[in-house]
Structure formats: structure tokens, C-alpha cells
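Okay, structure first, notes after.
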Amino acid sequence: MLSKLQIAKDLFHRWQDVFICPICGGFVFLSKSSLKCPRNHQFDFSRKGCIRLLRQERSLNDDFYDLKLFQARRSFILAGFYDELHKEITKILKKQKSPLILDLGCGEGTHLHTISKQLKDATIIGCDLSPKGIQMATDYLKDNYLPIVADVNHLPFKDSSFDAIVDILSPFMYQEVLRVLKPNGIFIKVSPTSSYLKEVRTIYGLKEYEKEDDVLNNLEKHFIKIHKKTIENKYPLTEKYYKDLIYMTPLMHHEVTKFPHPIKNISISLNIYVIKKEEQ
Ligand SMILES: C[S@@+](CC[C@H](N)C(=O)[O-])C[C@H]1O[C@@H](n2cnc3c(N)ncnc32)[C@H](O)[C@@H]1O
């Protein structure tokens, strides 16, 4: 069986043309267990096939994005709370032939890994700033799924590389999205409605999400032809998934032991914006 490191290197070899050096923008090539550019910037793979393609070392606040948070997210996603979201995204992506897809802020990778099982001949590259998230995402590393540490503000990819970009509840920079998306490529942005997780938010007085109108207004400033679909579901919540939910919510996960299990249902309500990049 191939090692994770070998699988990651093979994938880079196959997709070498879409990557650029995050420091100087030059082309990159594989050299033993590293990626290098002609200016000698070097990025090493770990034994697990992890690589950091960052302009400079940047880290997130690890108090928020720790391993426990990503484990809870994975457990909660695998339990089926986002199945309808996965179905909707799959429907959109199925229209493309052999697409190369970028998952922006992929976290531990379960969303797009789940979706990829329904897509024929698709290749997914996941990127996230959190090494812990990407380390977990390498569990899914295989010939059509490659996670890397990268910053959504400085993507290490050539212009017009991707057929589709998916962003689920993560930050993005519109210039970078437009730059790396192919003409006619599709950007799928998922953001919370005001009802998303409202049961926990109300009880614990969490601050509101960005207003839905503001999200749309911001998208409209930079993109044309935005199609919006809202999904709305209420699921029963057992104690186990209540704990996962609290752990996966960055602002709350230190508090979990203090709280009993006060809610029986949870609302998963999300807006899916689908945007097509116009041909220039
Ligand atoms: C709410 S989580 C969503 C993760 C995943 N999409 C999901 O739904 O499970 C937000 C993610 O954005 C990532 N993130 C935050 N700033 C980032 C940046 N500048 N570049 C890449 N990822 C970033 C975090 O590490 C985190 O994994």
C-alpha cells in the first residue's frame, strides 16, 4: 500500500501545473519530499503527506481551532446534520465534467470528502490555515483528495485553475476566488441564516451572525448572477451531539462541562449562494 506521503507526492506531480510558490509566485516542482521553486523557496511534506504552502508562517488562534473542535465537527457532520447541504452541493457540482474543486477553509475535510463520493472523476484540493485541521483531513488523502495548509488570502494556485470553489462557513477573499476560478467556473458560498443553531445561540447569548442582507450585499459588490437557495431543517439533538455542537463552536467549547443538555432540537439553516464567473 502506498504511504500517505507517496499519495500526496503523486497528487502534486499530477496537478503540479496548478500550484505556484506562495512566496514569489513562481512555478513549483517536486524534489524528493519537498516542493521547490527556481528561487529556492522550499516546502517540505510531513510523513503524513501534509504540506504548508504559506507566504509566511501564520497561525490561527489555537485556543479556538484545536483538535477537539475539529473532532467534534467531524462527528457532528458524519452524524448527518449536513446531509441536505451535501445533496444540494453535489447536485450543482455533478453538472461539471471531471472538475478540479477547491474547498476553501476545509477544516478537517469531511464535507467535501463526503460530497466527492458522489462525483465521478472529480479531484478536490482542500485548504485551511489550521495545521490541526489539515492533519485530520489527511485521513481522507487519496488519489482524488488532497488537503494542504494554505491561506485563503494568498492562495498558492495559478490563475484560472479551478472549475469550482466551495466555501462552507469559512472566510474568503473575493479577489483570490475570482483569480483562481476558471472562466465559467462556479463559486458556491455557504453561510448561516439567522436561524442557524438558534437554539444554542439564544440560550448562551452568542453574538449574531453577519446579517443575511449584508452577506448578499457584499457578494453583489463583487459578483454578478448570484443564485440563492436556503435549506432549513430541525433535527433532534441527543446529549452526545449536543456536546459535539458545543465543542465545534469556537466561542463555547471551553464551557461544555458546565452546561447540562438543555435543548432537544437544533436548527440547521443555511444559505447556499451559487455564483458563476463570467467569461472575460
Ligand atoms: C467555521 S470553520 C469551517 C470549516 C469547514 N468548512 C466546516 O464547515 O467544517 C472555519 C474554518 O476557516 C479556517 N480559516 C480561518 N481563517 C483562514 C484563512 N485565512 N485561510 C484558510 N483557512 C482559514 C479555520 O481554520 C476553520 O477551519
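Computation of the quantities below employed the complete heavy-atom set of this structure, encompassing side-chain atoms and omitting hydrogens, waters and symmetry-equivalent molecules. Whatever order the structure lists ligands and atoms in, that order sets their numbers, starting from 1. FYI, the numbering just counts along the sequence from 1.
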>> What I want to find out is whether Lys240 reaches Asp244 closely enough, with some N-O distance under 4.0 Å, to be called a salt bridge.
In response: yes
>> Would Cys127 count as being in polar contact with ligand 1, using the rule that some N or O on each side must be under 3.5 angstrom apart?
In response: no
>> Counting only nitrogen or oxygen atoms and a 3.5 angstrom limit, does Phe70 reach ligand 1?
In response: no
> Numbering the atoms of ligand 1 from 1, which are under 4.0 Å from a heavy atom of His111?
Replying inline: 7 (C), 8 (O), 9 (O)
> Under 3.5 Å, side chain of Arg179 to main-chain N/O of Phe157, donor-acceptor pair present?
Replying inline: yes
> Between Arg74 and Glu108, does a salt bridge (Lys or Arg N to Asp or Glu O under 4.0 Å) hold up when you go through it step by step?
Replying inline: CA-CA 7 Å; Arg74 177 170 291 180; Glu108 51 67 50; 2.6 Å; yes
>> Could you go through Phe223 and Tyr273, starting from their C-alpha distance and side-chain angles, then the distance that decides it, and tell me whether this counts as ring-ring contact (aromatic ring centres under 6.0 Å, His included)?
In response: CA-CA 11 Å; Phe223 304 102; Tyr273 299 96; over 10 Å; no
> Have Thr123 and Asn144 got a donor and an acceptor in their side chains that come within less than 3.5 Å?
Replying inline: no
> Of all the atoms in ligand 1, which lie at a distance below 4.0 Å from a heavy atom belonging to Ser130?
Replying inline: 25 (O)
>> Please list, in number order, the atoms of ligand 1 under 4.0 Å from a heavy atom of Asp151.
In response: 18 (C), 19 (N), 20 (N)
> For ligand 1, which atoms sit closer than 4.0 Å to a heavy atom of Ala150?
Replying inline: 20 (N), 21 (C)
>> For the 3.5 Å polar cut-off, considering only N or O atoms, please tell me whether Gly105 and ligand 1 meet it.
In response: yes
> Is there a salt bridge (Lys or Arg N to Asp or Glu O under 4.0 Å) between Lys277 and Asp163 once you walk through the steps?
Replying inline: CA-CA 10 Å; Lys277 178 175 166 181; Asp163 301 284; over 6 Å; no
>> If the cut-off is 4.0 Å to any non-hydrogen atom of Asn153, which atoms of ligand 1 fall inside it?
In response: 19 (N)
> Any heavy atom of Pro171 sitting closer than 4.0 Å to ligand 1?
Replying inline: yes
> In terms of atom number and element, which parts of ligand 1 are under 4.0 angstrom from non-hydrogen atoms of Gly107?
Replying inline: 27 (O)
> Nearest to atom 12 (O) of ligand 1 by heavy atom, Ser170, Pro192, Cys106, Ala137: which?
Replying inline: Ser170
> Pick one: which of Tyr242, Tyr241, Tyr196 meets ring pair (Phe, Tyr, Trp, His ring centres under 6.0 Å) with Phe81?
Replying inline: Tyr241
> Of Asp128, Leu104, Leu54, which has the heavy atom at the shortest distance from atom 27 (O) of ligand 1?
Replying inline: Asp128
>> Among residues at least two apart in sequence or on other chains, which ones pass side-chain hydrogen bond (donor to acceptor under 3.5 Å, both in side chains) with Asp143?
In response: none
